[in-house]
Amino acid sequence: MSLTSECELLECIPLFKHVDQSKRKLIAMSSDRLTFGPNEMVFREGDPSDAVFMMLNGAVRVIKQDEERSIELARLSGGAVFGETGVVCDTKRSATIVTIEETTMLRIDSRIFMELVEQVPQVAVALTRELADRIERTNQRLLSQTAAAG
């Protein structure tokens, strides 16, 4: 994927929609491009949150584990952004990410991402909306599971 197409993809993602073209280009240029095969771990729950990831193509599973079981929380595909919660909250990874198929992504260093959040208020607003949507989806899933069990 070319730098131009990466910048165009960044523009299509709500989190980066209001970032001007020069900053999107800087993000794309300063990010690492990573390619994973099927069933490869991107990061493990409990790892340091040192970057945000943006999927260019492919698909991943978001997995939460305890001593007894693994639960798939979500599946994400091209254009999805993940890892931002730990970066923003300065906490360890809250889930494990495993690829489903060959997947290419940008790895945006946490320092660069946080500078962007501080410099572009629309990114902070979009990030807040995304996190609120995730909470709402989780609440709905929990409600559905409770209703099914009861």
Side-chain angles (χ1 to χ4, degrees), residues 1 5-19 23-24 27-28 31-150:
M1 185 171 275
S5 57
E6 288 173 2
C7 289
E8 289 171 359
L9 183 57
L10 281 169
E11 186 177 12
C12 295
I13 296 172
L15 196 59
F16 301 107
K17 182 178 181 178
H18 297 289
V19 175
K23 280 193 171 112
R24 282 194 307 269
I27 292 167
S31 299
D32 297 320
R33 280 148 209 79
L34 307 174
T35 301
F36 295 87
N39 297 311
E40 286 193 58
M41 188 177 310
V42 178
F43 57 74
R44 182 182 302 281
E45 183 176 351
D47 285 351
S49 295
D50 58 353
V52 173
F53 294 83
M54 191 199 77
M55 295 179 55
L56 300 174
N57 59 48
V60 299
R61 296 183 311 137
V62 181
I63 301 167
K64 188 81 175 162
Q65 296 176 276
D66 65 19
E67 299 80 32
E68 299 173 11
R69 60 189 173 144
S70 280
I71 299 171
E72 183 177 300
L73 301 177
R75 287 181 179 228
L76 306 174
S77 57
V81 176
F82 60 89
E84 73 283 5
T85 304
V87 167
V88 170
C89 297
D90 195 25
T91 58
K92 295 190 181 295
R93 301 290 186 194
S94 61
T96 298
I97 304 292
V98 177
T99 58
I100 296 170
E101 59 194 36
E102 185 170 307
T103 303
T104 304
M105 59 188 76
L106 292 180
R107 180 188 178 279
I108 305 167
D109 183 78
S110 60
R111 181 185 50 78
I112 293 169
F113 183 77
M114 289 308 295
E115 285 175 10
L116 184 65
V117 170
E118 291 168 8
Q119 293 172 6
V120 184
Q122 297 92 331
V123 172
V125 170
L127 181 60
T128 302
R129 285 186 179 134
E130 173 61 27
L131 296 176
D133 285 346
R134 287 183 192 171
I135 290 169
E136 182 59 29
R137 286 192 304 269
T138 300
N139 288 343
Q140 290 301 320
R141 225 180 8 252
L142 288 171
L143 201 60
S144 297
Q145 290 172 353
T146 303

Donor-acceptor under 3.5 Å (T103 side chain, E101 main chain): yes
CD on E130 to CG on L15, rounded to 0.5 Å: 7.5 Å
To the nearest 0.5 Å, what is the distance between CE on M55 and OG1 on T104? 9.0 Å
Residue pair M105 / F36, side-chain heavy-atom distance below 4.5 Å: yes
Do the side chains of K64 and E72 get nearer than 4.5 Å, heavy atoms only? no
Just how far is it from atom OG1 of T99 to atom CG of N39, taken to the nearest 0.5 Å? 6.0 Å
D66 CG: over 12 foreign heavy atoms closer than 6.0 Å: yes
Counting C-beta onward and ignoring hydrogens, is there a side-chain heavy-atom pair between V42 and F82 closer than 4.5 Å? yes
Beyond-backbone contact of I97 with M41, side-chain heavy atoms, under 4.5 angstrom: no
Applying salt bridge (Lys or Arg N to Asp or Glu O under 4.0 Å), run through R111 and D50 and close with a yes or a no. CA-CA 8 Å; R111 181 185 50 78; D50 58 353; over 6 Å; no
Would you kindly say whether Q140 and E136 are connected by a side-chain donor-acceptor distance under 3.5 Å? yes
Please check if the number of heavy atoms outside R44 that lie under 6.0 Å from its CZ is greater than 12. no
Quick one: does any side-chain atom of S77 pair with a main-chain N or O of A59 as donor and acceptor, under 3.5 Å? no
Would R107 and S31 satisfy side chain to side chain contact (heavy atoms under 4.5 Å, CB included), going step by step from the backbone distance to the final call? CA-CA 5 Å; R107 180 188 178 279; S31 299; 5.8 Å; no
Side chain to side chain contact (heavy atoms under 4.5 Å, CB included) assessment of V81 paired with F113: CA-CA 12 Å; V81 176; F113 183 77; 5.5 Å; no
Checking K92 against D47 for the side chain to side chain contact (heavy atoms under 4.5 Å, CB included) test, could you report, in this order, the C-alpha distance in whole Å, the side-chain angles of both residues, the deciding distance, and whether it holds? CA-CA 6 Å; K92 295 190 181 295; D47 285 351; over 6 Å; no
Would you mind reporting whether V60 and V98 have side-chain heavy atoms less than 4.5 Å apart? no
Answer with yes or no whether the side chains of S70 and Q65 bring together a donor and an acceptor at under 3.5 Å. yes
Taking all heavy atoms of E84 and all of V52, pick out the closest pair and write down the distance. CA-CG2, 3.7 Å
Find out whether R129 and L131 are in side-chain contact, i.e. whether some heavy atom of one side chain is under 4.5 Å from a heavy atom of the other. no
Are E11 and K17 ion-paired here, with the side-chain N under 4.0 Å from a carboxylate O? no
Calculate, to the nearest 0.5 Å, the distance between atoms CG and CZ belonging to L116 and F16 respectively. 6.5 Å
Just how far is it from atom NZ of K23 to atom CD of Q119, taken to the nearest 0.5 Å? 4.5 Å
To check you understand the geometry: which heavy-atom pair defines the closest contact between I13 and G79, and what is its length? CD1-O, 3.2 Å
Side-chain heavy-atom pair I71, I63 within 4.5 angstrom cut-off: no
When every non-hydrogen atom of S49 is compared with those of S110, the smallest separation belongs to O-CB, 4.3 Å
Tightest non-hydrogen contact, residues N57 and E102, listed as OD1-O, 4.2 Å
Taken to the nearest 0.5 Å, the spacing of T85 OG1 from R134 CZ works out to 5.0 Å
Do you know which two heavy atoms are closest between P38 and I100, and how far apart they sit? CB-O, 3.7 Å
